[in-house]
Amino acid sequence: MSRPTWDEYFMEITHLVAKRSTCLRRQVGAVLVKDRNILATGYNGSPSGVAHCLDVGCLREKLGIPSGERHELCRGLHAEQNAIIQAAKHGTNIDGATLYCTTMPCIICSKMIINAGIRRIVYETGYSDSLATEMIEESNIVVDQYPALNPAEAQL
């Protein structure tokens, strides 16, 4: 029997959280962790009490908006936003936490992550947002892609 590493453990949980997503384009999960304890989770979808895209369709799809553009034209919140909001709603301090997320955060989420005091991001899939990457690097947040590439793969 082999036990998963902490990163493996929490990334597996992000995949379970993502299954709650109501987005028709992409299912994303996020988990905030501090001292190996889960503080909050989030998935992408409409605010509580508001119709989900599953029910009324995707506005972005109807308008032909490409991924990564015009975030304001969407019924949903991102998984990272929902995790931060859940922590705030329940009075949970996330300063110094690690964010595990199935997707690298966009610029809007990145700015929230920086101001929330999150110190590390572990993500699985990249997201084409150069400004987000630049601001995360400038803020000195540690960013690790999961699974970690071995040195030979990283140079490809």
Side-chain angles (χ1 to χ4, degrees), residues 4 6-136 139 141-147:
W6 287 108
D7 283 351
E8 290 170 336
Y9 174 72
F10 292 121
M11 284 304 295
E12 283 294 320
I13 293 170
T14 66
H15 286 278
L16 180 60
V17 172
K19 290 180 180 182
R20 291 282 307 154
S21 171
T22 59
C23 179
L24 296 171
R25 284 186 163 188
R26 179 185 313 208
Q27 286 66 52
V28 180
V31 177
L32 285 168
V33 174
K34 191 173 183 179
D35 300 325
R36 298 181 179 161
N37 290 290
I38 296 172
L39 304 176
T41 65
Y43 53 86
N44 55 330
S46 298
S48 299
V50 175
H52 296 286
C53 298
L54 287 174
D55 303 320
V56 297
C58 176
L59 176 62
R60 296 172 58 78
E61 200 67 37
K62 289 175 188 170
L63 297 174
I65 299 169
S67 179
E69 296 179 15
R70 304 291 313 268
H71 296 287
E72 75 279 8
L73 296 177
C74 179
R75 297 183 67 79
L77 292 145
H78 287 186
E80 305 93 322
Q81 294 169 337
N82 272 325
I84 291 168
I85 290 165
Q86 283 302 309
K89 184 176 179 179
H90 297 287
T92 303
N93 181 356
I94 60 172
D95 189 36
T98 295
L99 172 75
Y100 289 87
C101 195
T102 54
T103 304
M104 181 65 186
C106 71
I107 185 58
I108 295 169
C109 293
S110 294
K111 291 185 281 187
M112 292 177 69
I113 288 163
I114 293 166
N115 275 0
I118 293 167
R119 299 309 320 146
R120 180 176 180 231
I121 298 169
V122 179
Y123 74 97
E124 194 169 63
T125 305
Y127 190 76
S128 182
D129 193 328
S130 58
L131 183 56
T133 302
E134 179 184 324
M135 289 185 78
I136 291 288
S139 70
I141 293 174
V142 175
V143 178
D144 294 311
Q145 185 168 15
Y146 176 87

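For the single chain, residues carry numbers from 1 onward in sequence order.
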- Report the distance from atom CD1 of Ile108 to atom CD1 of Ile113, rounding to the nearest 0.5 Å. 11.5 Å

- Verify side chain to side chain contact (heavy atoms under 4.5 Å, CB included) between Asn93 and Lys34, making sure each step is shown before the conclusion. CA-CA 9 Å; Asn93 181 356; Lys34 191 173 183 179; 4.1 Å; yes

- Is there a donor-acceptor pair closer than 3.5 Å between any side-chain N or O of Ser46 and the backbone N or O of Ala51? yes

- Which atom names give the shortest non-hydrogen contact between Ala97 and Leu39, and what distance separates them? CB-CD1, 4.2 Å

- Message: According to salt bridge (Lys or Arg N to Asp or Glu O under 4.0 Å), does anything in residues 35-61 pair up with another residue at least two apart or in another chain? List the pairs.
- Response: Arg25-Glu61

- Item | Point-to-point distance, once rounded to the nearest 0.5 Å, from CE of Met104 to OG1 of Thr133 | 5.0 Å

- Query: Which atom names give the shortest non-hydrogen contact between Tyr43 and Val17, and what distance separates them?
  - Reply: CB-O, 3.6 Å

- Do you know which two heavy atoms are closest between Gln81 and Cys109, and how far apart they sit? CG-SG, 3.7 Å

- Pair Glu8-Tyr146, side chain to side chain contact (heavy atoms under 4.5 Å, CB included): steps then yes or no: CA-CA 8 Å; Glu8 290 170 336; Tyr146 176 87; 3.2 Å; yes

- Query: Where do Val56 and Lys62 come nearest, in terms of heavy atoms and distance?
  - Reply: O-NZ, 3.2 Å

- Heavy atoms only: give me the nearest Cys106-Ala132 pair and the separation to one decimal. C-CB, 3.6 Å

- Task: Kindly say whether Ile141 contributes a backbone atom to a donor-acceptor pair with the side chain of Arg120 at under 3.5 angstrom?
- Result: no

- Task: Evaluate the criterion side-chain hydrogen bond (donor to acceptor under 3.5 Å, both in side chains) for residue pair Tyr100 and Asp7; output intermediate values, then yes/no.
- Result: CA-CA 8 Å; Tyr100 289 87; Asp7 283 351; 2.6 Å; yes

- Message: Donor-acceptor pair, distance only, cut-off 3.5 Å: does the side chain of Thr103 make one with the backbone of Thr125?
- Response: no

- Are any of the side-chain heavy atoms of Thr22 and Cys53 separated by less than 4.5 Å? no

- Rounded to the nearest 0.5 Å, how far apart are OH of Tyr9 and CD1 of Ile38? 5.5 Å

- Do Leu77 and Asn44 touch side chain to side chain, with heavy atoms closer than 4.5 Å? no

- Pick from Ser21, Pro105, Cys101, Cys23: which one makes a side chain to side chain contact (heavy atoms under 4.5 Å, CB included) with Val28? Cys101

- Query: Any side-chain heavy-atom pair from Lys111 and Met135 closer than 4.5 angstrom?
  - Reply: yes

- Item | Residue pair Ile118 / Thr98, side-chain heavy-atom distance below 4.5 Å | no

- Donor-acceptor contact below 3.5 Å, side chain Asp144 vs main chain Val122: no

- Looking at NE2 of His15 and CD of Glu124, how far apart are the two atoms once the value is rounded to the nearest 0.5 Å? 3.5 Å

- Task: Go through Leu32 and Thr41 one step at a time and tell me if the side chain to side chain contact (heavy atoms under 4.5 Å, CB included) criterion holds.
- Result: CA-CA 6 Å; Leu32 285 168; Thr41 65; over 6 Å; no

- Message: Checking Val142 against Arg119 for the side chain to side chain contact (heavy atoms under 4.5 Å, CB included) test, could you report, in this order, the C-alpha distance in whole Å, the side-chain angles of both residues, the deciding distance, and whether it holds?
- Response: CA-CA 6 Å; Val142 175; Arg119 299 309 320 146; over 6 Å; no

- Item | Distance in Å, Asn115 CG paired with Asp95 CG, rounded so as to fall on 0.5 Å steps | 11.0 Å

- In Å and rounded to the nearest 0.5 Å, what is the NE2 to CD distance from His90 to Gln86? 4.5 Å

- Message: Show the nearest heavy-atom pair for residues Asn82 and Gly45, with the distance to one decimal.
- Response: ND2-O, 4.1 Å

- Under 6.0 Å from the CZ atom of Arg20, do we count more than 12 heavy atoms belonging to anything else shown? no

